[in-house]
Structures are given as structure tokens and as C-alpha cells.
S.K.: 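So that we are looking at the same thing, I have put the structure below in C-alpha cells.
To find a chain, count down the sequence lines: A is the first, B the second, and so on, and within it residues start at 1.
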Amino acid sequence: MKSFVYPQDLGCLKKAMQEALEIKHDRYKYQHLGKNKTLMMIFFNNSLRTRLSTQKAAMNLGMNVIVLDVNAGAWKLETERGVIMDGDKAEHLLEAIPVMASYCDVIGVRSFAGLTDRDYDYAETVLNQFLKYSGKPVFAMETATVHPLQSFADLITMEESWAKENNLPFLNGNYQNFDFNHKKMKVVLTWAPHCRALPQAVPNSFAQWMLAAPDVELVVTHPEGYELDPAFLQYTDPVSGEVKNAVVEYNQKKALEGADFVYAKNWSCPGVTNPELYGQILSKDMSWTIDSEHMSWTNNGKFLHCLPVRRGLIVTDDVIESENSLVIPEAANREISCSVVLKRILESL
Amino acid sequence: MKSFVYPQDLGCLKKAMQEALEIKHDRYKYQHLGKNKTLMMIFFNNSLRTRLSTQKAAMNLGMNVIVLDVNAGAWKLETERGVIMDGDKAEHLLEAIPVMASYCDVIGVRSFAGLTDRDYDYAETVLNQFLKYSGKPVFAMETATVHPLQSFADLITMEESWAKENNLPFLNGNYQNFDFNHKKMKVVLTWAPHCRALPQAVPNSFAQWMLAAPDVELVVTHPEGYELDPAFLQYTDPVSGEVKNAVVEYNQKKALEGADFVYAKNWSCPGVTNPELYGQILSKDMSWTIDSEHMSWTNNGKFLHCLPVRRGLIVTDDVIESENSLVIPEAANREISCSVVLKRILESL
Amino acid sequence: MKSFVYPQDLGCLKKAMQEALEIKHDRYKYQHLGKNKTLMMIFFNNSLRTRLSTQKAAMNLGMNVIVLDVNAGAWKLETERGVIMDGDKAEHLLEAIPVMASYCDVIGVRSFAGLTDRDYDYAETVLNQFLKYSGKPVFAMETATVHPLQSFADLITMEESWAKENNLPFLNGNYQNFDFNHKKMKVVLTWAPHCRALPQAVPNSFAQWMLAAPDVELVVTHPEGYELDPAFLQYTDPVSGEVKNAVVEYNQKKALEGADFVYAKNWSCPGVTNPELYGQILSKDMSWTIDSEHMSWTNNGKFLHCLPVRRGLIVTDDVIESENSLVIPEAANREISCSVVLKRILESL
């Protein structure tokens, strides 16, 4: 696997899920793969879970890890071409990328959306420069438009929860028996209010991965104007060619009815209908905050969120602390999703 | 050992000292214990010695190490419950703790006293949340009220120095012969002036550990108003039930007379007699600075300080650079005290 | 090898080059040397290449690595003696150095010139305190006046390029055949304009290493006033006693004529003729920027720069992106030069 940005990069999702469950059963099984291989994690933005879980996954696989915070202890990087660099940016990404790549075997990149220039963000300008100029396998640790390690962990978490609730046979170490052949799960991705403008990377990827999972029925709900980019609301299976679409439902209550899983997340305006509103906060409507009443509309639904989460805005204390909250095992599965990705990359070196 | 905060956590102190001397003799002896075990070091505050010595100790034991500076490259963490998180803190400690814990086997926490709310600090609010919610062994890398890795290293340093001066038989690799059965050492903990308000963690722990050591006679000296919390001035031996008290002597010269070891340290007002003065600077009396005249009152006493130390305020150049200064071997022993703690924790996993 | 600051520290440069090519051929060959050895990298200033390549080299050699950013997460350090430390610097280098040294086996130090006090900078005050007080091998990761890891990598890069162009027999793994017995290479070190005042460490070291290489004819060109310190423009071979001098040519065009290699770099006034101008910008003359016209004067010359480079000031886009640009392999060779240095140090422990 030469890069990891979209679910398609994993090929057969069933096989990827089996590997995830296998690695969760024995995290050190593939430790020989990483000997004398170096992962470089490059952060243009802050991180807690991604930093820690990726580092842990790489160490599980026997890799050496170098962490680079571009804004702390390194030089600021110019990302535009053809400029006279007489400002505060001491180095151009066009040099920095091949240089950094020369000291490692695999690259992880975190580079958030700036939320001011939709074209720049949705062209994945920074990520694509890494893909083009590094000459090394690159995986996304949340980029301008996607966060696939999160969504893969989300999927693992829902499948595990569902299997536990329904006593499915692939649990208890029988990971090779995992398949998607069970009752469809109703998954609702719901917008929730927040005090700051946030990127669309998590909801974009989440929608995409849920559509890629054969056992998921996806409903997306949000106030008017928050429509996600259509590219993420339709998915064509790379093997079967089957096309799957998300259902968009503006009435949050109607959307949540009968939900097996509620995935709450804030995002700023994706600028689909009006590009000038891109990255803006259109609503802080607190009636969208997930509280116990919202959860009562569901089918005893489980609550998920990628974290970090603002309590009192996205979700109430009682919901996130309830037995139906999966946020902690969800975060813990970041180590697993990343382990699968790194294992695949190491196997391809 | 499930946590390390107080001397009692080590059980028999003689045995812990023997282990310390054993590990100092062969730092890599227990390297097998740490294989595929990950230490997560979480810093809410700055660190030099603790960061480096803990990392070194963990690597000696074969562990993987992840260092997290909460205020650099991660999210700011909310520590209070029941708030609407619309400020600058993006994540709640109640999520962050179990998440961080899910990526490691052992947690070290540094979280200093805020010095504004005595109850909050002395309740060890942050440390206790880690103890309660992480589900992993936790050790203190200096918390609001204690710094046990430092005090354990202080004890090792004094025992080594005393043994060298008195040709005691446990030196030269005969660590199994170590015991406390020798002439009592007079140890004086003396307050000294400083330009900023400092926590009480070091003097608290130091007093506690000196009382826990059967061969130490402890005198504490400081200006009026700097009385340490009584909980740290009395120690009940967990095995024998014996109770030992520190002597408090307000006359610094009288306290230092005949001292074998002088431990200088500044601390701000502990607020024992007047809680409203908690964390304040009550005195900058430079007559308390340890200079060669002060040292002349002692029994050719050795000088110790946990570092970092402000020269010219706490101690003069000539004293800290003298042959009787133990500050460098004292700091070096941080690697040893931490090695014992991590070894014990690894053995209990 | 007890320290690495100057080319003389490597002894026979031919042998060092052979080791470099050997290690490049098999980076993990000497991995056994670093077992249970710890490198401490201490940064008083920012770093990208040095941080990453040094870490990589150390891991290749099986070492443990601790990275310390003095200005991020640690205490600010006082470097002057005899002061009352009541300012923002919490710790004195005289304590910090032996303490840091006690937790490691090898120390790398980065400490840039302050450019305000020529005597302080050119006395290598900080580096020399590490050499004097650490008791451990110390190597320069760019100090006030030198950057030897860079210059050694520059030399490796030029030799490789020259061998490739001329089909010299030591390529293709025959590293043991490397020698300097080939046609002399004309190397030009040229000043170029920059928006900020930069240290002289890179040009100083570059001149020194080029003079140390028997196959290099060195010409240095810069505007009036930018004369490098004479100590770096003359080199006495430690074995043969032969003295070699750089040619200084103020006419850039004349200097570049027939050049095989063009090494562009900005530096601020070295203050040789007028110490009061030390560290100042005397010229921003853009006619010195290396563009394709400048390169046309050379003997199909290769372009080098230590990076980070300001495009549009030092060099134009087309030159740095041309086939004759060696900046990326040059940076990649930082891993190699550092590997040789660390191998030598480890062998001497």
C-alpha cells in the first residue's frame, strides 16, 4: 500500500477488518516488519490521540519513530510556489518534503484545513505535495478534507459493539470469521453546535467509510447550509462497482429515530451551495446538542465522537458518561486502525 | 506496585535501597521487564531532570517511551467538571485520561500546584483523577504536593555519601549488605529565599522520606509562616507502626549546627496557619541564603538541592561548587530512583 | 573520538570518507555499537535537518535518543557566571551540563551565534562549557562558529557527484577504493543576499573542510566587508603539516568562472576588519542571487546549499530545481556524516 487517504486504499474492507481484529488480539505479532524502518510523523497542527496512537502503533510494529512538530523547534514552511521568501517562512516545502523523506521509510502527515480558501483546502494542496515529492509511502493523520485513521477506528468500534450486543461469532479471537453479513446498522451522523469553526475532515471521512461498509445504512443530519461535499456522500465500491448514497435528513429528531449509532460532530460550512460561506459558523443552535432526550429517540443507540469533544456544546455530561458511550474504546481503536495501515505499508516496502 | 506517590508505596525502604544500589551497579539488568511495555510521560509543566532521567530509566528497562507536553502540540485540557466548554480548553481530562491510558502500560504525571487554591492543590485533584480514571499504574513526576522520585534520589545520595565517608561495607557492589544500622545522620531542611513563589512539593516529600528513613534525624528550619503541612512532618512506619516527627527550629543557625547534610529549598507559604496566605512570598530574607559561613556551622555538612537552583539566592557559587556539594550526583540518582519505581511497576503488570 | 568540531577531529579524511561510503552502503552495519548507549541532543535553537538526520543516524546505530529543546518544555538556562539569578533563567548551565551528561553517553549541542558579541561567539562559550564540564563526548550540531556535520556531508556529496560524472571506481559499493587522487575540483563559496542576519558557522566550516580536502581548490567570493575569519581560510594538515589557503575573489563572476561546484550561502558581517559591524547586514545586493546566468559562467557547475534556503533571495527556482542542483542528496548525506561521527564516538567509549 503506497498511500492511505481513502477507504479504497485498503482494498477489501472485510479483510482489513479481519486484520484489525487480529492485531487487536496480538498487537506485537508483526513486530518483525518494522525492524530498521523509520516512521516520520509530521505535524502542522496539534494532536493528542493521533500523535499517541500512531506512535504506539509504530512501536508495536518494531519501527523507529521520529516526531516533528513543524511549528515547534523547526522552521516555518512556505507552501506556495514562485514567491520571494523574505517573510517569516525560512524553508520551502519543495525542499523540506524530499529532505524529510530522505530520513525515513514512511511518512504520516497532519495538516488541517485553513478554512479560508475552499479550493486550496479541497485540492488537498499540502497532502498532495507530500504524495508527489516525497517518494515514500504517505498516510493521512487528518488532512484538509479527510481523517481516515479516525473513520476506520470508528468502524472497528461499531462492529465490535454490534457483535458484542448480538453475540456474533467473530468475537473472542475468532477474527478470521468476521464478515459484514449481519443485520444492517442504522448510523446517524449528526451536526452539533460548537464555539469555533471546525474543519469537515471528520464528517467527510466518516460518511465515506460508512458508505464503504456494506452493513451500514447512513443518515446525515444538520441545519440548512451545512451540506457536506457530494464527493463524500456517494461511494462506489472499488470491487463490485456498486454505488451507495447517504440519506440527508434536515430534521434531527426524524434522523435519530431508530438509530443504532449516533455520531455527533461539529463542522463549519462546507461551502457547497455558497462557496463564500466556506469555513463559517452558520448556526450555534443548542437544540442540536445531544442530550438524553435526543438519545431516547434512538434504538438504544450508542454514542460516538472522535474527540476532543466540548462537553455542554456537542454532548451533555450524562450522555458521554453513559454506558452507551463508546468514545473511549473508539479512541483506543485508533491504535488498531493505525496498526493495520502501517502493517500494510511495511509489507509493501 | 500500582502507584508511586509516597514512600509507603515502596514497602520496606531497606529493600528499595538495596534495589537502587543493585540497579546502579547494573542499569540494564532488568531490561527484559520492559519489552513491549510503553511508558507515557505526561507533562502539564516544564521539566529538565525529570524528563531526561525518567526517559533514561525507562529505556534502561527496555520500555518504549512516549512524551506528551500537554501545553505544546496537544490540546489544552479542562480539569473541572460540569462546565460548558466554550473557552480555550478543547478537551476534558475525563476523556483525555482514559484515552491516553489506552495507549500505554504505565503513566507518569507532572502537574504542579497552581498556588491559588490550597484545597484544590492539597486534594491532589489532577493526580487523583489519573489514579481514578486511567486504570493503569501511575507515578508522580512532581505533583501539587509531592515529588517522591526526587526525595528517593536524595536519600540514595545521602546514604552513598555517608557510606563513602564512613567506609561502610555495602559500597563497591555489595548492595545486598545495605542497611540503615549506622550512626544517625543529622539532616537539615532549610528554607532559602527566591524571587518567585514556588510549590511545597519538594520540601513536603523530602520531610516525609527523611522521616521514613530509620537512620535520619530531621530538623526543618524556616522563617515564621512557612510551616509545612503537618501531614508531612509526621510519619508512621507502615510495618512497625512507629511514629517519627520532624523537629522544627526557627533559628537557622541553631538548626544547622552539627548538620551532616544541608538540604536547601525555597517554598512559598503553605498556608497552614493562615490559608489566605497560601502560595504567597512572605520573606526574601537573604540572610537565609546558604553561603560558606552557614556551612561552617555544620559538621562538615554536605550540600544538597533538587535543582534547578538560583545561584546567589538559594546558595552562593562557592558552596554549590565546593567539594561538599552533592547536587550533581543527587541529580544523577534520579535515573536510579526512577529505575526502581519502574521496575516495581513492571513486575506488577 | 572524544569530540567532533573540526575536520582534524576525524584524523585521516580519506579514511573518514571511506567509512562514510561504507555506511551509506549498509546503514545498519554498526548497529551493535549503540546498544544501551544514549544520545542526548540538546537544542538551544531550531532545527529540521540536524534534528531528523542525527536522530536517524543514532537509531541506525542502535542508540537510544533523547531530544531536549531547551526553550520548549525545559528551563531557560543561565550561561554567565557570578550573577544573582533573579531573572527568567531558572537554571545555570554549570549545573545543567553535568546533570544532562549524567543521563547519557554522547551529547550533541546546537547553539547558534547571538551575533551581538563577537568575542563571546568566537570563543565558542557555550560549546566549550559542554566540552569542559560534561565529561562526555560532545559533537557540534551547529555552534556559534562551525557546522561540521554539514560540511562533512557537503564533501561526501561533492565526491559522490564527481565520481559519478567521471566514472571513478569507488562507486558501486567499492568504497574501500576511495581516494582524493583525481583531478582537482574547483569549488566556489559565494555569498548571496538574505533578509535576516545569519551566522557564519556554515561558511566557516565549509571553507575549513574544503581546504582539508586534498582534491579541492577553494575560491571564496563576497562583497567587501564580508571577509570570513582568517582562522577558517587557512588549513594546516594535521598529518603532512602542509598549509593550504583559500583564494578570496571579490568579483563574483570571475570567481564562478569554471567552477565545478557552487556553494551559495548568506552570512552576516564577520566583523574581521571592523568588529563593530559584527553580525550586521552590509548588503542586500540581489545581483549576487544565483540564477541561471550565474550558473552559465561555471563549468556546468553543480549547485549546493545547506538548507533551509530562501528562494528568490539566495537562488532562483529554476536553479534549485535544475538537474545540477544537489541540495536534496546533500541534505540526505547528513545522515551519513553523522553516522560516521557517532560510530567513531561509540568506538571510543
S.K.: Non-hydrogen atoms of chain B under 4.5 Å away: do they reach the side chain of A:Phe43, the backbone, both or neither?
M.R.: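 No part of A:Phe43 comes within 4.5 Å of chain B.
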S.K.: Do you know which of A:Asp317, A:Thr50, A:Leu52 has the most heavy-atom pairs under 4.5 Å to chain B?
M.R.: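 If we count pairs closer than 4.5 Å to chain B, A:Leu52 comes out on top.
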S.K.: Can you tell me if A:Ser287 and A:Asp285 form a side-chain donor-acceptor pair at under 3.5 Å?
M.R.: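 Judged by distance alone, the side chains do pair up.
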S.K.: Is the NZ or CZ atom of A:Lys56 positioned over B:Tyr103's six-membered ring, under 6.0 angstrom from the centre and within 45° of the axis?
M.R.: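 Judged by the rule, A:Lys56 and B:Tyr103 form no cation-pi pair.
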S.K.: Could you walk me through whether A:Leu33 and A:Lys343 pass the side chain to side chain contact (heavy atoms under 4.5 Å, CB included) check?
M.R.: CA-CA 7 Å; A:Leu33 289 177; A:Lys343 170 183 173 275; 3.9 Å; yes
S.K.: Does one side chain, of B:Tyr122 or B:Gln200, offer a donor that lies under 3.5 Å from an acceptor on the other?
M.R.: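 There is such a pair between these side chains.
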S.K.: Is it the case that the side chains of A:Asn333 and A:Thr157 hold a donor-acceptor pair, with the cut-off being a distance below 3.5 Å and no angle test?
M.R.: yes
S.K.: Could A:Arg49 and B:Glu91 be called an ion pair, given the rule that one side-chain N must be under 4.0 Å from one carboxylate O?
M.R.: yes
S.K.: Please flag which part of A:Gln31 lies under 4.5 Å from any non-hydrogen atom of chain B: side chain, backbone, both or neither.
M.R.: side chain
S.K.: With respect to chain A, which residue among B:Val83, B:Ile84, B:Ile66 yields the maximal number of heavy-atom pairs within a distance under 4.5 Å?
M.R.: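 Of B:Val83, B:Ile84, B:Ile66, B:Ile66 has the most heavy-atom pairs under 4.5 Å with chain A.
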S.K.: Find the one option among A:Asn60, A:Val327, A:Ile320 whose heavy-atom pairs under 4.5 Å with chain B are most numerous.
M.R.: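 Looking at each of A:Asn60, A:Val327, A:Ile320 in turn, A:Ile320 comes out on top.
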S.K.: Do you know which of B:Cys104, B:Ala96, B:Ser102 has the most heavy-atom pairs under 4.5 Å to chain A?
M.R.: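 Most pairs with chain A among the choices: B:Ser102.
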S.K.: Using non-hydrogen atoms and a 4.5 Å limit, figure out which bit of A:Ile314 sits close to chain B: side chain, backbone, both or neither.
M.R.: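 Interface part for A:Ile314: neither.
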